[in-house]
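Structure first, then comments.
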Protein chains: 2
Amino acid sequence: MSKRVTIKSIAKDLGISHMTVSRALSDNPNVHAKTREAVVRRAAELGYVKSAAAKAMRGDGTKIIGLLLPNIVNEFYARFANTLAEACEEGDYHLIIHLTNDDIELEQRSLQRLLEVQAMAAIMVPAPGDPGESLKRLGSMKIIQLIRQRRSDKPTASILVDDEAAIRDAVIHLAGIGHRAIAYIGADAALSSGRSRLSAFKSGLLASEVTEIAELIHVGSPSFEMGRSCARRILEERVATAIVCGGFEISNGALTALLEAGKGVLEEVEFVGYGDPSFYAWLMGGISTIRIPVDDLAFKAVDMLDGDASSGRLVSFPAELTVRGGVS
Amino acid sequence: MSKRVTIKSIAKDLGISHMTVSRALSDNPNVHAKTREAVVRRAAELGYVKSAAAKAMRGDGTKIIGLLLPNIVNEFYARFANTLAEACEEGDYHLIIHLTNDDIELEQRSLQRLLEVQAMAAIMVPAPGDPGESLKRLGSMKIIQLIRQRRSDKPTASILVDDEAAIRDAVIHLAGIGHRAIAYIGADAALSSGRSRLSAFKSGLLASEVTEIAELIHVGSPSFEMGRSCARRILEERVATAIVCGGFEISNGALTALLEAGKGVLEEVEFVGYGDPSFYAWLMGGISTIRIPVDDLAFKAVDMLDGDASSGRLVSFPAELTVRGGVS
DNA sequence: CTGAAAGCGCTAACAT
DNA sequence: ATGTTAGCGCTTTCAG
């Protein structure tokens, strides 16, 4: 087992000082061209790899960016991660992905570990719940909150989605084509987004003078299973003629319930999803949905990463109702 | 800006040696219980975070695992990454994801950077092409090749898919229901998997005594766009009555072409995809496909990570033909 | 039980 | 243009 190749080992090999090697390898002008060439060649021959650890320990920082996501199979998160990762390749960053499964404890653990490796920034979809005091000190790690925002003393940089208008539009659209019993499945008040989406839904009902039916409003911890079981219940009750979803996982879960229920039901219940996985356009003649501009969010995130460290900025991108399903 | 909290700063604060702090914080028995308690409390108060860099520099290794994927939006890769990431959370590993976009240069760069951070292992889907000499020395980083395998001097650990039987079955199935003009879209010979899948396709034709039509066999660098354009061409030519795909991206691309072509065509052309995104089951009454057991692959990868460092093992999981679309 | 010294790989700041 | 020193945060080794 040959030992690690370091600037020192190269220096010894070449009979020069390790500083010269360091300089040669980092394009410092103060090296004789000939020396530099020799060093560079020998380094390549020996298979020298610079140690990120040593750099980090000197306080030069790392090129590590953390990404905390509930999961990465949901196409929205996958697309976000993909776009971000591409940007990272370009900027020579490392992207560390941590899955939180919307569990606050996992989230805190992940942040802690990101701190340990001195990640320069963490982009996170905050999990529902109270983070507690445990992790007040984020040191120099910049935090960017995505989609959801945690109320907190110091203002954090946030990239949010303004989906209230779109959700309202969805309800108004449904009412416009005759629906009078419109169900809603969304996150509960543990998330600010849960609250605002529900109120947008209600505001839509109000605007279209459709009666709010308490039994048709389902809120809870947002997940695929939650969406599926709520939708199943709604279908069984046979009261609602339309369903509006307020959440990525929920939408996929609810849609699955519809698909599982089969043809008969599909034609009776109008569905408005949340997020726009590629296949929504093709399923059942096209699934209507609240579109979120994923790439815009991702680009903005990159932007905030590059930009000055001034935290506290907050941007919001409008969601948009996409009506589909003209065919059948 | 308060400086970083280190064992030394804690030691000074407490008026003891930094060694005692180190011991206390790493559960070394040789510390007076009272001292330990004081240290632990103070560390928590101050918000101490241990430095992964310092540890790494001492040669204690890192808890970093690299994952090199063409992209992460394709549901197969997303699922693999998701399962792997969950395992990483459990084992307190960091998962660094690098997107190669099937570009060998990006791949080499990513590996290089993984080396710099002293990743303990890299799980990679090798990009087509020749890696060249540049990166012979992987040091202590264990490499696990996924899905595809690069021919190389030293045997690398590999997790492969044995899809030849399934592809053969697909052709035989199509022939069995009457198809005589079966098209194929797959990767070219730059990938060993490309070669073997194509030969499986041909073997299927042979077995069912269906004539091979050269014009209906499309190979090239595997990508969504490639799949889409080949499928479009096939549809335009109106010769083929069935299409078999040999690749994840290709399958989604080709399917998109079919969907874009609209209803008329859908009923004329039988489609067998590759990989099994969740929506295949629901689209067009169910898309037939070559199923790959993603989670099995992911679990195996975790397994190999944990297992002894003995590289060179090679496992292969069988793919399976899933026929769907009875309805319409 | 506690402490002092050394060294992991690297570079900024001074020497030469 | 090149060399020396020191120190980043940590643990191992050897002394108390």
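We name chains A, B, ... by the order of the sequence lines, and we start the count at 1 in each one. Please read all numbers here as calculations on a predicted model, not as lab measurements. Values reported hereafter were calculated over all heavy atoms of this structure, with side chains retained and with hydrogens, waters and symmetry mates removed.
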| field | Axis bend over the full length of the helix from C:dC1-D:dG16 to C:dT16-D:dA1, computed from five pairs that close each end, to 10 degrees | value | 50°
| field | Ion pair check, A:Asp295 and A:Lys300, cut-off under 4.0 Å | value | no
| said: So that I can tick it off, tell me whether A:Arg42 and A:Glu37 are bridged by a salt bridge, with the cut-off set at under 4.0 angstrom between side-chain N and carboxylate O. | reply: no
| field | Selection from C:dC10, D:dC10, C:dG9 that lies nearest to any side-chain heavy atom of B:Ala54 | value | D:dC10
| request: Give the intermediate values and the outcome of side chain to side chain donor-acceptor pair (under 3.5 Å) for residues A:Glu86 and B:Asn101. | output: CA-CA 9 Å; A:Glu86 280 175 351; B:Asn101 197 24; 5.7 Å; no
| Given atom CG of B:Asn28 and atom P of C:dC1, what is their separation to the nearest angstrom? | 11 Å
| message | What is the separation between atom CG on B:Leu25 and atom P on D:dC10, rounded to the nearest whole Å? | response | 9 Å
| query | Taking CE from B:Met57 and C1' from D:dC10, how many angstroms apart are they, rounded to a whole number? | reply | 8 Å
| query | Just how far, in rounded Å, is C1' of D:dA15 from CG of B:Asn30? | reply | 14 Å
| query | Between A:Leu68, A:Leu69, A:Val125, A:Leu111, which is the residue that forms a side-chain contact (heavy atoms from CB on, under 4.5 Å) with A:Thr100? | reply | A:Leu68
| field | Listed nucleotide nearest any side-chain atom of A:Met19, set D:dT2, C:dA4, C:dA12 | value | C:dA12
| query | Can we say B:Glu105 and B:Arg109 salt-bridge, meaning some charged N sits less than 4.0 Å from an Asp/Glu carboxylate O? | reply | no
| message | Below the 4.0 Å mark, does C:dT2 have OP1 or OP2 next to a side-chain nitrogen or oxygen of B:Thr35? | response | yes
| query | Taking the six-membered ring for Trp, are B:Phe248 and B:Phe76 parallel (under 30°), tilted (30 to 60°) or perpendicular (over 60°)? | reply | parallel
| task | Identify, between B:Ser51 and B:Arg23, the residue whose nearest nucleotide on DNA chain D lies closer to the 5' end. | result | B:Ser51
| field | Residue whose closest nucleotide on DNA chain C lies nearer the 5' end, A:Asp60 versus B:Lys8 | value | B:Lys8
| task | For A:Lys12 and C:dC8, give me the distance from atom NZ to atom C1', rounded to whole Å. | result | 14 Å
| task | Could you work out which one of D:dG9, C:dC10, D:dT2 sits closest to the side chain of A:Lys55? | result | C:dC10
| said: From CD of A:Glu37 over to C1' of D:dA1, roughly how many Å is that when rounded to an integer? | reply: 17 Å
| Which of the following nucleotides, D:dT2, C:dG3, C:dG9, is nearest to the side chain of A:Val31? | D:dT2
| task | Determine whether any donor atom in the side chain of A:His18 lies under 3.5 Å from an acceptor atom in the base of C:dT11, or the reverse, and answer yes or no. | result | yes
| Taking OP1 and OP2 of C:dT11, is either one under 4.0 Å from a side-chain nitrogen or oxygen of A:Ser22? | yes
| request: Starting at atom NZ of B:Lys50, determine the distance to atom P of D:dC10, rounded to an integer number of angstrom. | output: 10 Å
| Quick one: B:Ile7 CD1 to C:dT2 P, roughly how many Å, whole number? | 15 Å
| task | Please tell me which of the listed nucleotides, C:dA4, D:dC8, D:dC10, lies nearest to the side chain of B:Ser17? | result | C:dA4
| query | Do B:Arg150 and B:Glu107 meet the salt-bridge criterion of a basic N to acidic O distance under 4.0 Å? | reply | yes
| query | Hey, is NZ on B:Lys50 packed in by over 12 heavy atoms from elsewhere, all under 6.0 Å? | reply | no
| request: Give a yes/no answer on whether the side chain of B:Thr20 brings an N or O atom under 4.0 Å of OP1 or OP2 in C:dT2. | output: no
